[in-house]
Amino acid sequence: MNLPRASIEPPAGSAISQWPDTDALYRRFDALVNQPMRPIRRDAMDRVMDYFEQRCQGSKRMAEEARRVIPGGVQHNLAFNLPFPLAIAEANGAHMTDVDGNRYIDFLQAGGPTLLGSNDPTVRSKIFELLEHCGPTTGLLHEYEVKLAELVCELMPGVEMLRMAGSGTEAVMGAIRLARAYTGRRRVIKIGGGYHGWSDSMVYGMRLPKTGRMEAVGIPRGATANTQESLPNDLEAIRRRLRWNRLRGGTAAVIVEPFGPESGTRPVAHDFNAQLRKLCDEFGALLIFDEVVTGFRAGLGGAQAYFGVTPDLTVLGKCLTGGYPMAGGIGGRRDIMMMLVGGIGTTAKRAFVGGTLTANPLSCAAGYYALKEIQRTDAAVKAGRAGDRLRQGLDQIIDRLGLPFVAYNMGSIVHLQTSGVMLLDTSNLLKLARLKNEAKQRKHMMEEMGAAYTAHGIITLAGSRIYTSLADTDDIVDEALNRFEDVLKLV
């Protein structure tokens, strides 16, 4: 069954042609998790595992070497793959090639930042020029710091000033500190299930709503004492929490992924962010948009331009430098941002942030030229249309095969829910305790789906999220759909 699509007209030049009908989506999510799992058949899964044994020996050897010197054998969660991580030798445009010479359609796109496709040649040539005469870092001011900041301020409605950071995690840390310094308040409300990096105060209600400190191993209770969470789309619950906080000194900020927790895995209603803005204004809290993924993917103005909602602070991450390292930033209103004034010996009241390699010439030049190229090519809109084509094709395959799976997209961010592990009802501790074993089984099913996609020449994020890029032509999307159908026939 094709999902009803919301009839809200997108802004001109938007990368999102239509917002999903979230009520219809949640009904289908409920149907998915309230029926038996539909994993890949055991005989078919044996053939999938044979692919890795027969075709990926170089990756397997490297993974074994990595486990001896790297905890778990991977440095980043994106690199995890059942049965072992793939070692990549080349990434260009819409494809990646592993060390064994196997070629894949790349729907991971480094976790989202490479909107132009991997290793864009225009950006690469500019970086080569910079390295010839400057090198990657100087420790002092460089023109590309200014040029990148000017461009982001020009593009994003809520950004009047920009301060760069080393990563999205660092940018969130800085934004939370800044909000507390500016408001003089301590409490921060996050939308439960959202991922805002791995800083002490944000490892709370992470990925699964209402799980509180479940993943806060090694984090003192004091670090999360002023972090709170509310379920996505439950505006009345957020209002109650803001009202209660007001009796105890108030709320510094509400932080949200504007598409919904985990970049839309639990999508928000189209008017949710606008209503959240009103609540923050009513209670004097700052509104922080975490646009680590949505920044520039939702369009050059980010999700804030798409929804027409201006946050007080904007967090940027890997999207800011087009896939190059040291990528993060805090943007926002001038009066708030001035509390990040840098410099040794500064006496004005300020929120301290730092980082020797932040805003280095290499990263800033990469970000500047990536954004200029995205602007020139209309990459966000074209990647969004590729996402539409892919989602429509997945809908047709799911219908044709009579599967309970759910596909939907917000432009170039495409979700394919097969196991529903992230959608389980964790609204109270009793339900969470009952679901622990089921969650483990569903997670394994999702990992098996990811392995099957890989064995059929498709790389996704954790077997459930797909990022399209400018490099994804109609032919590439159609080829990918044929491969997805081959995998879904194995169920």
Side-chain angles (χ1 to χ4, degrees), residues 113 115-116 122-123 126-127 129-130 134-175 177-179 181-182 286 288-305 310-343 346 348 350-376 379-380:
L115 186 57
L116 296 165
T122 300
V123 178
K126 296 295 185 181
I127 296 303
E129 288 178 20
L130 176 80
C134 177
T137 187
T138 66
L140 297 176
L141 182 67
H142 193 277
E143 65 170 320
Y144 281 115
E145 292 179 53
V146 183
K147 294 175 83 166
L148 178 58
E150 286 176 339
L151 185 54
V152 174
C153 290
E154 173 192 321
L155 295 173
M156 302 195 86
V159 179
E160 295 178 351
M161 303 187 88
L162 178 73
R163 178 73 187 264
M164 286 194 70
S167 66
T169 291
E170 289 185 26
V172 168
M173 290 167 62
R177 181 176 296 173
L178 178 57
Y182 183 80
L286 300 187
I288 303 174
F289 270 13
D290 183 338
E291 296 230 40
V292 166
V293 173
T294 55
F296 316 122
R297 268 197 176 271
L300 282 167
Q304 55 198 261
T310 303
D312 300 295
L313 293 172
T314 298
V315 171
L316 297 169
K318 50 197 170 190
C319 59
L320 188 58
T321 60
Y324 283 78
M326 297 303 294
I330 309 164
R333 281 174 20 202
R334 181 176 299 272
D335 61 323
I336 303 173
M337 292 296 295
M338 283 302 291
M339 294 196 74
L340 291 178
V341 168
T346 302
R350 62 170 175 156
F352 184 84
V353 298
T356 304
L357 291 180
T358 59
N360 63 77
L362 185 151
S363 300
C364 291
Y368 175 76
Y369 286 111
L371 285 176
K372 293 299 283 186
E373 194 66 4
I374 288 168
Q375 197 172 33
R376 184 187 72 80

Is a side-chain N or O of R177 found less than 3.5 angstrom from the main chain of A351, in a donor-acceptor match?
no
Between the CG atom in L162 and the OG1 atom in T314, the distance rounded to the nearest 0.5 Å is 9.5 Å
For A165 and A171 the tightest heavy-atom approach is CB-N, 4.0 Å
**Asked** Tell me, do V293 and K318 make a side-chain contact under 4.5 Å, heavy atoms counted?
**Response** yes
Side chain to side chain contact (heavy atoms under 4.5 Å, CB included) filter on R376, not counting sequence neighbours, yields E373
Report yes if some heavy atom in the side chain of E160 is under 4.5 Å from a heavy atom in the side chain of M337; otherwise report no. no
Output for pair (E291 CD, L320 CG), nearest 0.5 Å, gives 12.0 Å
Distance col, row T310:OG1 vs F289:CZ, nearest 0.5 angstrom, shows 8.5 Å
Rounding to 0.5 Å, atoms CE (M338) and CZ (R163) come to a distance of 11.0 Å
Heavy-atom check, side chain of Q375 versus side chain of L151, under 4.5 Å
yes
Donor-acceptor pairs under 3.5 angstrom involving side-chain atoms of residues 134-143: please list them, not counting sequence neighbours.
{"from": "T138", "atom 1": "OG1", "to": "L140", "atom 2": "N", "distance (Å)": "3.0"}
{"from": "T138", "atom 1": "OG1", "to": "L140", "atom 2": "O", "distance (Å)": "3.2"}
{"from": "H142", "atom 1": "ND1", "to": "Y144", "atom 2": "N", "distance (Å)": "3.2"}

All heavy atoms of L300 vs all of L371, minimum pair found to be CD2-O, 4.4 Å
Rounded to the nearest 0.5 Å, the CZ atom of F296 sits from the CG atom of L155 at a distance of 6.5 Å
The residue among L313, D312, L178 that forms side chain to side chain contact (heavy atoms under 4.5 Å, CB included) with I288 is L313
On a heavy-atom basis, the closest approach of G323 and P113 is N-CB, 3.8 Å
Residues at least two apart in sequence or cross-chain that pass side chain to side chain donor-acceptor pair (under 3.5 Å) with Y182, listed by chain then number, are R333, D335
Of M326, M164, K147, the one forming a side chain to side chain contact (heavy atoms under 4.5 Å, CB included) with C364 is M164
Residues A379 and L116: closest non-hydrogen pair is CB-CD2, 3.9 Å
Between the OH atom in Y368 and the OG1 atom in T321, the distance rounded to the nearest 0.5 Å is 16.0 Å
Original post:
Can you check side-chain contact (heavy atoms from CB on, under 4.5 Å) on V123 and Y324, steps first, answer last?
Top reply: CA-CA 10 Å; V123 178; Y324 283 78; 3.8 Å; yes
